[in-house]
Amino acid sequence: MEYKYELHCHTNMVSQCGRVPPKEIVEMYRAKGYSGIVVTEHYSPLTFGDKSYFKPQKFIDFYISSYEEMKKYETGDFSVLFGMELRHYATGADYLIYGLDPEWLRKQGNLMALWEKDAYKLMHEQGYLVFQAHPFRWYIRRCNPKYIDGIEIYNGKCDEKTNFRALQWAIETGKLMSSGSDFHTPEHCGLGGIITKEPVKNNADLIRVLKSRDIKFIRT
């Protein structure tokens with residue numbers, strides 16, 4: 001048996017660019033035959049605003065709220081996991097964080113103020129994985145490969161040429177690979193994700209599966 005999972009998803013509750021509420025997202029992905037979603041809202045100045053520089057943790061409950069809402073619709077055959085799409089100040093690079101614990105996040109300071117090296121070290125101390133999202137999108141600055149674990153080789157909102165360049169970079173650097181729809185609107189549903197041989201019930205399962213490389217990539 002095979003299982004399909006979305007690894008890049010934004011909702012209208014937290015990400016300003018999201019257009020669909022959590023319940024509807026779950027319904028759409030279940031209809032597409034998926035077995036789960038990783039909620040990866042934008043952890044960026046666009047979400048938190050300029051006033052969050054010194055104490056963004058005041059807004060963490062808001063940031064986690066969409067995951068908690070979507071979690072209400074989790075069932076035995078459909079998992080809802082917590083992740084993040086992190087952007088640091090003064091850079092266009094985006095990082096997908098997998099394995100993230102909401103309670104750990106509540107205790108942190110301003111992750112946007114960290115540079116990639118420090119963020120990578122912090123995430124690795126917790127056993128999380130760091131992937132650069134859509135690295136060849138026109139405004140993105142590709143990071144130093146030393147400070148990422150993987151690369152999003154297929155993004156549902158990128159064209160074929162852009163995704164192919166990401167795949168080539170992942171092969172050249174030997175990094176882990178992922179695929180995601182980059183869901184914001186109904187039209188994005190099911191454009192990406194991964195197919196696994198075993199169910200992913202929690203973040204520990206997700207980390208193990210991604211590290212194993214024993215996955216297929218959904219591309220449309």
Side-chain angles (χ1 to χ4, degrees), residues 5-11 14-18 37-48 52-53 56-57 59-60 63-64 66-67 81-102 104-106 108-158 162-163 165-167 169-170 172-184 192-194 203 206-207 209-211 217:
Y5 294 94
E6 175 60 74
L7 301 188
H8 193 162
C9 176
H10 304 279
T11 80
V14 173
S15 294
Q16 289 188 13
C17 46
I37 295 174
V38 183
V39 182
T40 55
E41 303 283 22
H42 291 291
Y43 187 106
S44 73
L46 184 64
T47 298
F48 291 94
S52 67
Y53 185 86
Q57 60 267 38
F59 303 90
I60 288 300
Y63 182 80
I64 297 172
S66 60
Y67 159 73
L81 308 182
F82 184 61
M84 171 190 291
E85 185 171 10
L86 172 64
R87 178 179 293 184
H88 308 303
Y89 291 118
T91 176
D94 293 317
Y95 302 89
L96 291 162
I97 313 298
Y98 296 121
L100 198 64
D101 178 7
W104 175 85
L105 185 60
R106 285 191 167 100
Q108 304 311 304
N110 188 348
L111 300 182
M112 295 175 285
L114 298 177
W115 199 240
E116 59 192 25
K117 180 178 180 180
D118 295 325
Y120 180 72
K121 179 181 178 182
L122 180 66
M123 300 305 172
H124 261 225
E125 288 173 351
Q126 302 302 313
Y128 306 153
L129 293 179
V130 180
F131 282 63
Q132 183 160 19
H134 40 68
F136 286 89
R137 194 173 283 178
W138 68 271
Y139 58 83
I140 293 294
R141 181 191 66 81
R142 283 178 300 287
C143 68
N144 186 328
K146 293 195 302 184
Y147 305 129
I148 55 173
D149 300 294
I151 295 166
E152 186 181 51
I153 63 164
Y154 183 85
N155 179 283
K157 292 177 63 182
C158 292
T162 301
N163 284 325
R165 293 177 70 189
L167 172 61
W169 191 41
E172 291 168 5
T173 57
K175 296 298 179 180
L176 301 176
M177 303 180 192
S178 71
S179 166
S181 298
D182 202 354
F183 179 94
H184 289 77
I194 61 171
N203 274 328
L206 178 62
I207 295 295
V209 165
L210 289 173
K211 284 183 173 181
F217 303 105

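Remark: Ser15 engages His10, Cys17, Glu41, His42 in a side-chain contact (heavy atoms from CB on, under 4.5 Å) (not counting sequence neighbours). Considering only residues two or more places apart in sequence or on other chains, His134 meets the ring-ring contact (aromatic ring centres under 6.0 Å, His included) condition with none of them. Checked against ring-ring contact (aromatic ring centres under 6.0 Å, His included), Trp104 has the following partners two or more places apart in sequence or in another chain: Tyr128. With sequence neighbours excluded, the residues that form a side-chain contact (heavy atoms from CB on, under 4.5 Å) with Glu172 are Gln168, Trp169. Qualifying side-chain hydrogen bond (donor to acceptor under 3.5 Å, both in side chains) partners for Thr47, counting only residues two or more places apart in sequence or in other chains: none. The ring-ring contact (aromatic ring centres under 6.0 Å, His included) test applied to Phe82 returns Tyr67, not counting sequence neighbours. The side-chain contact (heavy atoms from CB on, under 4.5 Å) test applied to Arg165 returns Phe136, not counting sequence neighbours. With sequence neighbours excluded, the residues forming a ring-ring contact (aromatic ring centres under 6.0 Å, His included) with Tyr120 are His124, listed by chain and number. When the side-chain contact (heavy atoms from CB on, under 4.5 Å) test is applied to Lys121, the partners found at least two apart in sequence or on another chain are Glu125.
In this structure, Gly127 and Ile207 approach most closely via the heavy-atom pair O-CD1, 4.1 Å. Closest approach of Lys175 to Pro145, counting heavy atoms only: NZ-O, 2.8 Å. Ala166 and Ile151 get closest at one heavy-atom pair: O-CG2, 3.9 Å. Between Met112 and Pro45, the shortest heavy-atom distance links the atoms SD-N, 3.3 Å. Across every non-hydrogen atom of Ile140 and Pro135, the tightest pair is CG2-O, 3.5 Å.
In this structure, the side chain of Asp94 does not engage the main chain of Arg87 through any donor-acceptor pair within 3.5 Å. Proximity of a side-chain donor or acceptor of Thr40 to a complementary backbone N or O of Met84 within less than 3.5 Å is not detected. Between the side chain of His184 and the backbone N or O of Asp182, at least one donor-acceptor pair lies under 3.5 Å. Looking at Gln132, its side chain does come within 3.5 Å of a backbone N or O of Arg141 through a donor-acceptor pair.
With values rounded to the nearest 0.5 angstrom, Thr162 atom OG1 is found 9.0 Å from Asn155 atom CG. To the nearest 0.5 Å, atoms CD (Glu85) and SG (Cys9) are separated by 11.0 Å. The CG atom of Asn110 lies 10.5 Å from the NE2 atom of His88; values are rounded to the nearest 0.5 Å.
Between Ile60 and Tyr43, some side-chain heavy-atom pair lies under the 4.5 Å cut-off. Taking the side chain as every heavy atom from C-beta outward, Leu176 and Phe131 approach each other to under 4.5 Å. Here the side chains of Leu105 and Tyr63 are in contact, with some heavy-atom distance below 4.5 Å. In this structure the side chain of Ile194 reaches within 4.5 angstrom of the side chain of Leu210, judged on heavy atoms. The side-chain heavy atoms of Tyr154 and Phe217, taken from C-beta on, include no pair separated by under 4.5 Å.
Within the structure, salt bridge (charged side-chain N to carboxylate O under 4.0 Å, His left out) contacts touching residues 147-157 (residues at least two apart or in different chains) do not occur.
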Derivation of the side chain to side chain contact (heavy atoms under 4.5 Å, CB included) call for Leu122 and Leu111: CA-CA 10 Å; Leu122 180 66; Leu111 300 182; 3.7 Å; yes
In residues 95-102, what donor-acceptor pairs under 3.5 Å come from side-chain atoms, sequence neighbours left out?
| from | atom 1 | to | atom 2 | distance (Å) |
| --- | --- | --- | --- | --- |
| Tyr95 | OH | Glu116 | OE1 | 2.8 |
| Tyr98 | OH | Leu7 | O | 2.9 |
| Asp101 | OD1 | Glu103 | N | 3.1 |

